[in-house]
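One structure is given below, encoded as structure tokens.
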Amino acid sequence: MKPFFTLLLLAFALPRYTQAQITDPKATEVWEPEPRVVTPGEGRKAPSDAIVLFDGTNFNEWLAAKDSSAVKWDLNRDSSATVKPGAGDIFTKRSFGDCQLHVEFRTPAVVAGESQNRGNSGIFLQSRYEVQVLDSYQNRTYSNGQAGSTYKQSIPLVNACRPPGVWQTYDILYTAPRFNADNLLVAPGRVTVIQNGVVVQLDTELKGPTTYIGLPQYKAHGKAPLKLQDHDCLVSYRNIWIREL
Ligand code: MG
């Protein structure tokens, strides 16, 4: 066959063949598996499949991180808890890996200190990777240490802070790092952070555990508790829930 006719045939035959595959809309419908039903939260109510870590009434899901004793942070009448400076970090009794996390926090209404000493706390995913909590409302500090940063690693896309004394939200999507059987890193952790409805971290790669001095370096680990930081500031928390993914 002459090349011209070969091309002509192909020009008609190929599209028709491809088209034949997609003419039936049902051919591309996938029915199984069917996603299970989750009743969404409303207001401050968590989604139906979430683990409520803190609803303001008790610290049943938490322990002091330094010695696993009872939490000594203050429980408040407005269903919140406030860091007790010197009492130390607190962490969850349960361990988590990939998750969706909702946290509400409030930096002190009475502004004291500046830079890193104003409303500092932190949310440590798997006890290691800090999403910074700070009063970054008209309070300049190093950009990779302000609210919404992954501390000393990634600058938030924008500053979406509310003023001191006002409740704020973090909605965090977290993919834990993967390690192989030889404890070598095969995929770094990743995090998306939405602060007050504004994306501040989008699928950000975690470079390793948060370090104050020096460069982060991964070390293999499995599921681990969520940790909240005592940084000697009167930061309050309320309505904390988590969905394992
Ligand atoms: Mg901090």
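Basis for what follows: all heavy atoms, side chains included, without hydrogens, waters or symmetry-related copies. Counting starts at 1 for both ligands and their atoms, in listed order. From a predicted model like this one, the values you see are computed outputs, not experimental measurements.
- If you check the side chains of His102 and Glu104, you find a donor sitting under 3.5 Å from an acceptor.
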Side-chain atoms of residues 152-162: list all donor-acceptor pairs with protein atoms under 3.5 Å, sequence neighbours left out, distances to 0.1 Å.
residue: Lys152; atom: NZ; partner: Tyr212; partner atom: O; Å: 2.6
residue: Gln153; atom: OE1; partner: Lys207; partner atom: N; Å: 2.8
residue: Gln153; atom: NE2; partner: Gly208; partner atom: O; Å: 2.8
residue: Ser154; atom: OG; partner: Gln201; partner atom: OE1; Å: 2.8
residue: Asn159; atom: OD1; partner: Cys161; partner atom: N; Å: 3.0
residue: Asn159; atom: ND2; partner: Ser136; partner atom: O; Å: 2.9
residue: Arg162; atom: NH1; partner: Asn196; partner atom: OD1; Å: 3.3

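- Within 6.0 Å of CD in Glu114 there are 12 or fewer heavy atoms belonging to other residues, nucleotides or ligands.
- Remark: Gln126 pairs with Tyr174 by the side-chain hydrogen bond (donor to acceptor under 3.5 Å, both in side chains) rule, at least two apart or across chains.
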Run the ring pair (Phe, Tyr, Trp, His ring centres under 6.0 Å) test on Tyr237 and Phe54 for me, step by step, so that the C-alpha distance in whole Å, both residues' side-chain angles and the decisive distance to 0.1 Å come before the verdict. CA-CA 9 Å; Tyr237 288 96; Phe54 182 67; 8.5 Å; no
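- Taking a cut-off of 2.8 Å, the protein N, O or S atoms nearer than that to the Mg ion (ligand 1) are Asn120 OD1, Ser121 O, Glu130 OE2, Gln132 OE1, Gln229 OE1.
- Partners of Gln217 by side-chain hydrogen bond (donor to acceptor under 3.5 Å, both in side chains), not counting sequence neighbours: none found.
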